[in-house]
Number of protein chains: 2
Amino acid sequence: MSIFSPSQYICFKLSRAMRKVQRYYEVNLAPLEITTVQFYVLSSLWETDGIKFKELAQKLSMDGATLTGILDRLERQEFVLRADDPEDRRSVLVFLAEKAKMYRDEFQCLAETLDNEIKHQFSSEDFAIFSRMLNQIGES
Amino acid sequence: MSIFSPSQYICFKLSRAMRKVQRYYEVNLAPLEITTVQFYVLSSLWETDGIKFKELAQKLSMDGATLTGILDRLERQEFVLRADDPEDRRSVLVFLAEKAKMYRDEFQCLAETLDNEIKHQFSSEDFAIFSRMLNQIGES
DNA sequence: CTCGATTTATTTGTATACAAACATTTTAAT
DNA sequence: ATTAAAATGTTTGTATACAAATAAATCGAG
């Protein structure tokens with residue numbers, strides 16, 4: 001092997017593509033004063049409000065220690081609330097605050113637009129393969 | 001739109017897949033006392049030693065501020081050296097240190113193995129499409 | 001030549017990401 | 001019932017990632 005370019009590695013390609021797409025999201029979500037990852041957390045809560053911390057982390061495939069910090073910031077901005085779980089005192093329930101419910105459509109609409117701009121760069125067949133492979137890797 | 005799962009977004013799928021693959025790399029590179037991103041920097045230098053800081057950042061599609069920190073750590077571990085550019089006193093040249101040259105084959109071989117384990121989960125046709133799409137997004 | 005604009009790398013500050021250690025609570029084996 | 005083991009969420013420490021501000025050097029219009 002005589003070529004050592006990092007771009008030969010699938011991991012490098014993945015991380016470079018991910019950073020490009022995430023930066024594109026980040027720039028466009030910035031006026032709404034929210035990060036891409038924070039948007040994913042709200043998306044999960046729009047689907048299931050009042051979910052357990054542990055389940056939320058699992059839905060997001062996210063490390064618990066990471067989620068703790070993200071919830072701290074979302075709570076500080078009054079997008080979410082934490083509450084004790086009456087059934088298990090170790091557990092924490094996470095709820096949407098009014099502000100998150102209010103901006104839901106606006107956030108959702110923007111994210112949809114950003115997503116479509118990526119999608120439309122490719123044929124729907126290729127995109128389907130791409131999406132399936134990302135899921136297979138990500139859910140493994 | 002009534003479904004708000006974050007997993008509908010391509011950006012989420014990308015970042016989840018990337019984290020899975022990167023963690024897999026990270027765990028396997030850990031015994032060599034190097035991170036995945038640090039490995040990419042060395043890969044670039046194995047291809048072109050003594051490159052300018054600016055060019056290195058471009059090859060890696062990496063923010064300069066990020067690269068500064070990574071080089072600090074690689075320099076502290078004696079994997080690389082920084083030197084003044086005789087042609088432009090603003091510029092910095094980055095060189096491989098002996099340690100990086102010594103471990104080159106070992107690092108390269110392990111990374112090759114990890115990459116193949118991802119690759120072999122898919123048909124070569126699908127993988128080619130996947131790879132091409134990651135490049136198209138990442139190089140945009 | 002001169003001085004403002006640009007380029008280059010670093011520093012600072014904030015936000016993920018995750019391992020490891022921790023405190024609290026619950027579970028389960030006896 | 002008791003207690004060791006397991007589960008849950010937070011804290012701490014390190015490493016990316018990047019915007020914004022900074023310092024130093026070079027460029028370029030006049």
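The sequence lines fix the lettering, A, B, ..., with proteins before strands; numbering per chain opens at 1.
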- Which of these nucleotides, C/dC18, D/dA17, D/dA25, is closest to any side-chain atom of B/Met18? D/dA17
Could I get a table of every N or O pair under 3.5 Å where one atom is in the protein and the other is in nucleotides 8-13 of chain C?
| from | atom 1 | to | atom 2 | distance (Å) |
| --- | --- | --- | --- | --- |
| C/dT8 | OP2 | B/Lys54 | NZ | 2.6 |
| C/dA9 | OP1 | B/Ser91 | OG | 3.4 |
| C/dA9 | OP1 | B/Val92 | N | 3.1 |
| C/dA9 | OP2 | B/Lys54 | N | 3.0 |
| C/dT10 | OP1 | B/Arg82 | NH1 | 2.9 |
| C/dT10 | OP2 | B/Thr68 | OG1 | 2.9 |
| C/dT10 | OP2 | B/Arg82 | NH1 | 3.4 |

- Would you tell me if any nitrogen or oxygen in the side chain of B/Gln38 comes within less than 4.0 Å of OP1 or OP2 on D/dT16? yes
- Test B/Tyr9 against A/Phe39 for ring-ring contact (aromatic ring centres under 6.0 Å, His included), laying out the working first. CA-CA 11 Å; B/Tyr9 298 110; A/Phe39 173 76; 5.3 Å; yes
- Message: Assess whether a salt bridge exists between B/Lys52 and B/Asp85, defined as any Lys/Arg side-chain N lying under 4.0 Å from an Asp/Glu carboxylate O.
- Response: yes
- Can you check the A/Ile70 CD1 to C/dT14 C1' distance for me, whole Å? 13 Å
- Item | A/Glu98 with A/Lys101: basic N within carboxylate O range, under 4.0 Å | yes
- Check every strand shown and say whether A/Arg16 touches a base, only sugar-phosphate, or nothing at a heavy-atom separation below 4.0 Å. nothing
- Query: In terms of the nearest nucleotide of DNA chain D, which residue is placed more toward the 5' end: A/Val27 or B/Gln77?
  - Reply: B/Gln77
- Task: Check the distance between D/dC18's C1' and B/Leu60's CG and give it to me in whole angstrom.
- Result: 15 Å
- Query: Which part of the nucleic acid, if any, lies within reach of A/Arg73 when heavy atoms closer than 4.0 Å are counted: base, sugar-phosphate only, or nothing?
  - Reply: base
- Rounded distance (Å) that lies between atom P of C/dA19 and atom CG of B/Leu29: 14 Å
- Item | Ion pair check, B/Asp126 and A/Arg132, cut-off under 4.0 Å | yes
- Message: Can a side-chain donor-acceptor contact be found between A/Ser91 and A/Lys54 if the only test is distance below 3.5 angstrom?
- Response: no
- Measure the distance from CD on A/Gln22 to C1' on D/dT16 and round it to the nearest whole Å. 12 Å
- Item | Spacing of B/Tyr25 atom OH relative to D/dA15 atom P, expressed in whole Å | 21 Å
- Message: Return whichever of A/Glu87 or A/Thr36 has its heavy-atom-nearest nucleotide of DNA chain C closer to the 5' end.
- Response: A/Thr36
- Message: Checking side-chain polar atoms at under 3.5 Å, does A/Gln22 have a donor or acceptor matched by the opposite partner on A/Thr36?
- Response: no
- Length of the line joining B/Glu33:CD and C/dA19:P, which is rounded to integer Å: 17 Å
- Message: Tell me the interatomic distance from A/Phe39, atom CZ, to C/dA15, atom P, rounded to whole angstroms.
- Response: 19 Å
- Check the distance between C/dA15's P and A/Arg19's CZ and give it to me in whole angstrom. 20 Å
- Message: For a quick check under 3.5 Å, do B/Lys20 and A/Ser140 share a side-chain donor-acceptor pair by atom type?
- Response: no
- Message: On the nucleotide C/dA23, are OP1 or OP2 found under 4.0 Å from the side-chain N or O atoms that A/Arg89 carries?
- Response: no
